[in-house]
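As the structure is a computational prediction, the values presented were derived from the model and not from experiment.
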Protein chains: 2
Amino acid sequence: MTADDGIAELAHRLRPLVFRLYYVVRRETPQYQLTLTQGSVLAALVLDGPQRMSALAEREGVRTPSMTDVVGRLERLGLVRRGPDPTDGRAVIASATEEGRRLIDELVRAREEFLRARLARLDDADRAAITAALPAFERLAGVGGTPAPDQAATTDAITNAGDDANEEETDH
Amino acid sequence: MTADDGIAELAHRLRPLVFRLYYVVRRETPQYQLTLTQGSVLAALVLDGPQRMSALAEREGVRTPSMTDVVGRLERLGLVRRGPDPTDGRAVIASATEEGRRLIDELVRAREEFLRARLARLDDADRAAITAALPAFERLAGVGGTPAPDQAATTDAITNAGDDANEEETDH
DNA sequence: CGACTTACTTAGACTGCCTAAGTAAATTTT
DNA sequence: AAAATTTACTTAGGCAGTCTAAGTAAGTCG
């Protein structure tokens with residue numbers, strides 16, 4: 001009982017923090033001309049290599065028609081290329097161009113630099129506490145619920161730091 | 001030098017974590033029929049009371065015309081009400097209805113419950129580490145950059161947990 | 001009182017997402 | 001092997017969110 005109450009209390013304190021941290025990083029990091037979705041998809045291609053449209057869609061949690069649009073726009077921007085899948089005539093494989101790769105590199109760098117600057121403002125004790133808690137947070141964020149693919153949210157995480165503005169959903 | 005390298009390394013490890021945690025909570029918590037934006041705005045009204053359109057817009061990081069739309073939709077959904085500002089004839093004050101309030105309560109509860117379940121899966125040592133690091137994270141997430149209003153991201157944080165799908169930006 | 005500023009809405013356009021439907025290729029059935 | 005089914009992606013139509021530009025109403029200042 002007592003233990004559980006403690007956990008609930010911890011959840012209560014943690015909830016706002018999760019969103020606030022995300023929000024701050026997102027708002028204070030430049031977007032390099034990409035929307036959140038575009039950044040997330042591009043990052044997936046840069047970090048994990050060429051992938052099928054359907055794989056990208058599933059990974060981003062959207063339907064394939066939506067991915068068709070996104071990849072189409074990235075293609076027009078010169079950041080992504082479409083190509084055939086030698087093993088399956090129906091499939092289309094998307095891959096990042098050199099320019100796309102460069103953009104993601106910059107984006108990741110910018111986010112880390114922002115966090116570095118923030119961390120530098122804390123004192124050693126705070127940094128030590130954060131460092132000590134990292135493994136625990138990694139387990140917390142781990143794809144625990146279902147025996148998940150553990151990769152799903154990773155790349156998304158790398159890029160989803162755009163404006164707040166576009167964060168919409170269409171679920172109704 | 002050495003110290004700074006350590007901070008950079010910490011930032012490197014922290015970056016993906018920030019986004020992954022956010023992503024996980026967002027994807028795994030039900031939305032109660034609200035889009036991310038709607039939820040964020042409604043939460044702001046529920047938690048901090050009636051506010052002007054312009055205040056809401058600034059807080060959400062969008063322009064006022066966008067907020068006009070969002071509040072308009074929330075109003076049609078019966079979750080928000082528009083009213084005059086007795087002190088300024090130009091202004092419009094939006095406030096949550098009872099139904100809106102109820103919805104946000106459920107939403108917050110759901111998110112905390114999700115986190116609680118996740119936390120319950122960790123061992124005591126992990127929970128202790130997270131608890132110990134909370135104050136440091138709060139300072140890290142604090143509106144440090146500019147002498148900010150410290151409230152800005154808070155409510156946003158409460159609701160922004162929808163799908164990933166709608167996360168768009170319009171910045172170009 | 002007239003000029004300027006401020007608060008919000010309207011108008012037009014882009015991106016993202018979805019469902020439904022269509023095309024093409026691979027697989028399964030018979 | 002031809003037909004039926006399934007799979008991968010695109011197209012079409014529609015909604016939500018955002019933006020800039022422009023318009024209206026109200027407050028402020030000289």
Side-chain angles (χ1 to χ4, degrees), chain A residues 26-27 31 33-42 50-77 79-80 82-94 156 159-160 162-172, chain B residues 26-27 31 33-42 50-77 79-80 82-94 156 159-160 162-172:
Chain A
R26 246 180 74 203
R27 287 207 64 168
Q31 282 307 295
Q33 307 305 314
L34 290 183
T35 66
L36 283 182
T37 299
Q38 289 170 352
S40 187
V41 169
L42 184 53
Q51 291 168 64
R52 286 187 173 194
M53 300 297 287
S54 51
L56 280 176
E58 185 182 353
R59 163 177 206 148
E60 297 299 317
V62 303
R63 308 288 165 170
T64 54
S66 308
M67 194 49 68
T68 295
D69 283 348
V70 174
V71 169
R73 279 185 261 266
L74 284 171
E75 203 172 18
R76 285 203 296 282
L77 290 172
L79 304 173
V80 157
R82 264 186 172 90
D85 180 339
T87 76
D88 189 332
R90 300 164 300 178
V92 169
I93 295 202
D156 188 79
T159 330
N160 259 352
D163 264 19
D164 169 47
N166 295 313
E167 206 135 78
E168 308 334 324
E169 304 181 73
T170 313
D171 59 6
H172 62 291
Chain B
R26 245 181 71 203
R27 287 208 65 165
Q31 281 308 295
Q33 308 306 312
L34 290 182
T35 66
L36 283 182
T37 300
Q38 288 170 353
S40 187
V41 169
L42 183 54
Q51 292 168 65
R52 287 187 173 193
M53 300 297 288
S54 51
L56 280 175
E58 185 183 353
R59 159 175 209 152
E60 296 300 317
V62 304
R63 307 290 165 170
T64 55
S66 309
M67 194 49 68
T68 294
D69 282 350
V70 174
V71 169
R73 275 186 264 266
L74 284 171
E75 203 173 18
R76 284 200 297 282
L77 290 172
L79 304 172
V80 158
R82 266 186 171 90
D85 181 338
T87 76
D88 188 332
R90 300 165 299 178
V92 169
I93 295 202
D156 188 81
T159 330
N160 261 350
D163 262 19
D164 171 43
N166 296 313
E167 204 134 80
E168 307 336 322
E169 305 183 73
T170 314
D171 59 6
H172 62 290

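A donor atom on one side chain and an acceptor atom on the other are found under 3.5 Å apart for Glu60(A) and Ser40(A).
Shown here for Gln38(B) and Leu74(B), the closest heavy-atom pair between the two residues is CB-CD2, 3.8 Å. Across all their heavy atoms, Ser54(B) and Thr64(B) have their closest contact at CA-CG2, 4.0 Å. When all heavy atoms are compared, the tightest approach of Thr68(B) to Met53(B) is CA-CE, 3.7 Å.
Per the geometry, CE belonging to Met67(B) stands 16 Å off P belonging to dA16(D), to the nearest Å. Atom CD in Glu58(B) sits roughly 15 Å away from atom P in dT18(D) (whole-Å rounding). A straight line from CZ of Arg76(A) to P of dC14(C) spans 11 Å, rounded to a whole angstrom. Between Asp69(A) atom CG and dA16(D) atom P the separation is 18 Å, expressed in whole Å. Computed from coordinates, the Leu56(A) CG to dC17(C) P distance equals 12 Å when rounded to whole Å. Counting to the nearest Å, the C1' atom of dC14(C) and the CD atom of Gln38(A) are 11 Å from each other.
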**Asked** What string of B, S and - do you get for nucleotides 1-8 of chain C 5' to 3' if you count protein non-hydrogen atoms under 4.0 Å?
**Response** -----BSS
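Taking the side chain as every heavy atom from C-beta outward, Leu34(A) and Leu79(A) approach each other to under 4.5 Å.
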Return the polar atom pairs (N/O with N/O) between nucleotides 19-23 of chain C and the protein under 3.5 Å, or none.
unit_1, atom_1, unit_2, atom_2, d
dT19(C), OP2, Arg63(A), NE, 3.4

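Remark: side-chain polar atoms of Glu58(A) are not paired, donor with acceptor, to backbone N or O of Ala55(A) under 3.5 angstrom.
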Which donor-acceptor pairs under 3.5 Å do the side chains of residues 86-93 of chain A make with protein atoms, sequence neighbours left out?
unit_1, atom_1, unit_2, atom_2, d
Thr87(A), OG1, Asp85(A), OD1, 2.9
Asp88(A), OD1, Arg90(A), N, 2.9
Asp88(A), OD1, Arg90(A), NE, 3.1
Asp88(A), OD2, Arg90(A), NH2, 2.8

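Taking CZ of Arg59(A) as the reference point, atom CZ of Arg52(A) lies at 15.0 Å (rounded to 0.5 Å).
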